[in-house]
Number of protein chains: 2
Amino acid sequence: MKMSELLQRSGVPLATVKYYLREGLLAPGESTGATTAIYGEEHVRRLALIRALTEVVGLPLASVRTILGLIDEPEPDRFRTLGRAIEVLPPAVEADPGADYPRARAALAEIGQLYDPGYAAVAQLERGLAAAESVGMPMGTERLHGYARHVMAIAEIDLAQLPGDDTSRAVEYSVLGTAVYEPILAAMRRLAHQDLAHRMLGPAAGERD
Amino acid sequence: MKMSELLQRSGVPLATVKYYLREGLLAPGESTGATTAIYGEEHVRRLALIRALTEVVGLPLASVRTILGLIDEPEPDRFRTLGRAIEVLPPAVEADPGADYPRARAALAEIGQLYDPGYAAVAQLERGLAAAESVGMPMGTERLHGYARHVMAIAEIDLAQLPGDDTSRAVEYSVLGTAVYEPILAAMRRLAHQDLAHRMLGPAAGERD
DNA sequence: CCCGATTGGATAGTTGTACTATCTAAGGTA
DNA sequence: TACCTTAGATAGTACAACTATCCAATCGGG
């Protein structure tokens, strides 16, 4: 397809597509002359991916670039690839293997999970727990155990669908599954709150207070 | 305490505190003369809250302002208050009561939950589902049901701790609980993935691939 | 009570991100 | 052939979140 069709299919403005091309987020089309190039489905898909990561997940373009790079050329170690991808997901915190994350360490010990200070999610957990604390809502043991049990069940659902054979696809699935399903889970939790509140407080609860 | 102590306690630079004061995010201290004012614990707490919302949750200051306003002066309807707070949480999507959200509607019907197009989380769910689809990873029915069950259990844990008597505190708890625990849940899910992958693929899995 | 440090209040400047617009020249197209 | 589209380059914009400076009025230790 030509540029005009790509614009229409993707819904992204011309100036923005050109910007993404300049920035190397989008591969150039196959040139068929000095003023034309043809684009394929992969360009439409890539644009959808960029927009999803920026608009839905809320990533800055620099992080999008990192993730696209990991999908296009994953590192040989699948764990490290996913770890690096997670590092740029919000809340972006760099993991320092030498640092100590006391809250995260205690929490993980409590629920019997691996503590690896080199993994970005550990730093993220530490930061989240510290933030909850500093705001006057520290996470209690009961809540921690409850969360852990159900989060583990959710993770099992995720892992069950991971394509086991093809590394590149598995990386894409892992990265996107982490990034794309997170907002969905968040929305579902918010809706569950509303649903529960309605049930617990009765149908007129929306009008009360 | 005086300004210098507030700076030291909060760790926020002077220029930034002044900026927050100008922007009305932080209440001025009690003036004791033309060049001095005294600040209290509530100022320290407020600064921690602002930093948590910006740095951990990743909110723009405009959204922080909305949330602070809702905590300081909640609307009489607790549901609407929480709804308005959720509207500014990422992924920020405005709910349009007149619009139709087909994917969210279908998903909620599937799991037997209330569908209210005026609630921001419905628009957020729609957007998340559409993004997953456009990226080639549509959410399947099994995954939806699995997620729903465990998310509902998590929401029950949340609701169980909600202070029932004081509306203002309940609003603060609801808003902060939604915003502050979300990153923690996200981090826990990421860690659960790692933990599961290690168990399933064996201890040497980190080195494989 | 004096002098350097601190503060409040105002204003201007900086940095970074993500575009958006314009221009030119060369094709392509009806 | 006349107009439309495109590639490629460059410049400009808009906004957010600070950051820095300046001034004048204290405040507080010696």
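First the proteins, then the strands, lettered A, B, ... as listed; each starts at 1.
- With no hydrogens or angles considered, no side-chain donor-acceptor pair links B:Tyr173 and B:Asp158 at under 3.5 Å.
- Atom CD in A:Glu5 sits about 15 Å away from atom C1' in D:dT6, given to the nearest Å.
- Atom CE in A:Met3 sits about 15 Å away from atom C1' in D:dC4, given to the nearest Å.
- At whole-Å resolution of the value, CG in A:Leu14 and C1' in D:dT5 are 10 Å apart.
- Whole-Å rounding puts the B:Lys2 NZ to D:dC27 P distance at 10 Å.
- An OP1 or OP2 oxygen of D:dC18 is reached within less than 4.0 angstrom by a side-chain nitrogen or oxygen of B:Tyr20.
- A side-chain donor-acceptor contact under 3.5 Å links A:Ser10 to the backbone of A:Leu6.
- Within 4.0 Å of A:Ser63, counting heavy atoms only, lies no atom of the nucleic acid at all.
- Under the 3.5 Å distance criterion, with hydrogens and angles disregarded, a donor-acceptor pair is assigned to the side chains of A:Tyr181 and B:Arg143.
- Between the C1' atom of D:dG12 and the OH atom of A:Tyr19 lies a distance of 14 Å, rounded to the nearest Å.
- Think of the region where chain A sits on DNA chain C: with heavy atoms and a 4.0 Å cut, that region ends 5' and 3' at C:dA18 to C:dT29.
- Residue A:Thr36 places none of its side-chain N or O atoms closer than 4.0 Å to OP1 or OP2 of D:dA7.
- If you find the closest nucleotide of DNA chain D to B:Thr54 and to B:Gly33, the one lying nearer the 5' end belongs to B:Thr54.
- Straight-line distance from the CG atom of A:Leu7 to the C1' atom of D:dT5: 11 Å, rounded to whole Å.
- Looking at heavy-atom distances under 4.0 Å, B:Lys18 makes contact with a base.
- If you check every strand for non-hydrogen atoms under 4.0 Å, A:Ser4 touches sugar and phosphate atoms only.
- Taking atom CD of B:Glu55 as the reference point, atom C1' of D:dC18 lies 12 Å away to the nearest angstrom.
- Of the possible donor and acceptor atoms, one in the side chain of B:Thr54 sits under 3.5 Å from a partner among the backbone N and O of B:Ile50.
- Proximity note for A:Arg22 (side chain, C-beta onward) versus D:dT10, D:dA17, D:dA7: the nearest is D:dT10.
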Trace of the side-chain contact (heavy atoms from CB on, under 4.5 Å) decision for B:Arg190 with A:Thr178: CA-CA 7 Å; B:Arg190 296 171 190 181; A:Thr178 302; 4.0 Å; yes
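- If you measure from atom CG of B:Leu25 to atom P of D:dA16, you get 13 Å, rounded to the nearest angstrom.
- Note on B:Arg46 versus B:Asp72: salt bridge recorded, some NZ/NE/NH1/NH2 to OD/OE distance being below 4.0 Å.
- Across all strands shown, B:Ala15 has heavy atoms under 4.0 Å from base atoms, whether or not it also approaches the sugar-phosphate.
- Checked by atom type and distance alone, the side chain of B:Glu126 pairs as donor or acceptor with a backbone atom of B:Arg103 at under 3.5 Å.
- Both A:Pro60 and B:Pro28 sit near DNA chain C, but only B:Pro28 has its closest nucleotide nearer the 5' end.
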